[in-house]
Amino acid sequence: VSQVPIVRLGLDLTITQGDSLRPRWNVSTGATYTWTPTVGISNPKLSSPLFSPQQTTTYKLTATFPNGCANTDDITIIVNGKLLIANAFT
């Protein structure tokens, strides 16, 4: 019986437009990683790349072991617009 990679990305995440994040997930080591889509990702071949989407995006991670067994999970990164706080000078 061949082992399947662990890919658990958890709950969706929220960032402010213009920010980035590098989450740590429960993902097997020793696998080949592929993120889709690749827009807003520093390196789609890493298990935990830097994400900086400009709009809300659902990403899918596929992890594949050398034996060909693969597993996937997806996560949505919600992008909120920047808040402009008015003051006496704006």
Side-chain angles (χ1 to χ4, degrees):
V1 176
S2 296
Q3 203 173 28
V4 175
I6 296 170
V7 181
R8 293 189 191 119
L9 302 182
L11 301 174
D12 294 344
L13 301 170
T14 302
I15 64 171
T16 300
Q17 190 173 30
D19 288 349
S20 58
L21 65 111
R22 186 185 309 268
R24 301 283 183 223
W25 290 300
N26 185 4
V27 179
S28 294
T29 58
T32 300
Y33 309 103
T34 305
W35 286 95
T36 55
T38 59
V39 174
I41 298 179
S42 62
N43 184 339
K45 300 295 182 185
L46 297 177
S47 63
S48 187
L50 184 68
F51 289 85
S52 53
Q54 296 302 304
Q55 61 188 19
T56 297
T57 306
T58 299
Y59 292 101
K60 177 180 174 182
L61 173 62
T62 301
T64 307
F65 276 154
N67 65 10
C69 291
N71 199 2
T72 64
D73 196 4
D74 60 62
I75 190 163
T76 299
I77 298 180
I78 301 159
V79 179
N80 289 328
K82 290 189 177 203
L83 294 177
L84 176 62
I85 299 174
N87 61 37
F89 301 103
T90 59

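Please read these numbers as outputs of a predicted model, since none were measured by experiment.
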When rounded to the nearest 0.5 angstrom, what is the spacing between [atom1] in [X] and [atom2] in [Y]?
X: Gln17; Y: Thr56; atom1: CD; atom2: OG1; value: 9.5 Å
X: Arg8; Y: Ser28; atom1: CZ; atom2: OG; value: 8.5 Å
X: Asp74; Y: Asp12; atom1: CG; atom2: CG; value: 8.0 Å
X: Asn71; Y: Gln3; atom1: CG; atom2: CD; value: 11.5 Å

Working for side-chain contact (heavy atoms from CB on, under 4.5 Å), residues Ile15 and Val79: CA-CA 5 Å; Ile15 64 171; Val79 179; 4.1 Å; yes

Phe65 with Tyr33, same ILVMFWY side-chain cluster at under 4.5 Å: no

Leu9 with Leu13, same ILVMFWY side-chain cluster at under 4.5 Å: yes

Those residues at least two apart in sequence (or on a different chain) that pass ring-ring contact (aromatic ring centres under 6.0 Å, His included) with Phe51 are Trp25, Trp35, Tyr59

Given side-chain contact (heavy atoms from CB on, under 4.5 Å), test Thr62 with Thr72 step by step and report yes or no. CA-CA 4 Å; Thr62 301; Thr72 64; 3.2 Å; yes

Distance-minimising heavy-atom pair for Cys69 and Val4: CB-CA, 4.2 Å

Considering all heavy atoms, the nearest Ala63-Pro5 contact: O-CG, 3.3 Å

What I'd like to find out is whether the side chain of Val27 reaches to under 4.5 Å of the side chain of Leu61, using heavy atoms alone. yes

Fellow cluster residues of Leu11, listed by chain then number, with links counted only when side-chain atoms sit under 4.5 Å apart: none

With Thr38 via side-chain hydrogen bond (donor to acceptor under 3.5 Å, both in side chains) - residues at least two apart: none

Lys45/Thr34 under side-chain contact (heavy atoms from CB on, under 4.5 Å): CA gap, chis, key distance, verdict: CA-CA 5 Å; Lys45 300 295 182 185; Thr34 305; 4.0 Å; yes

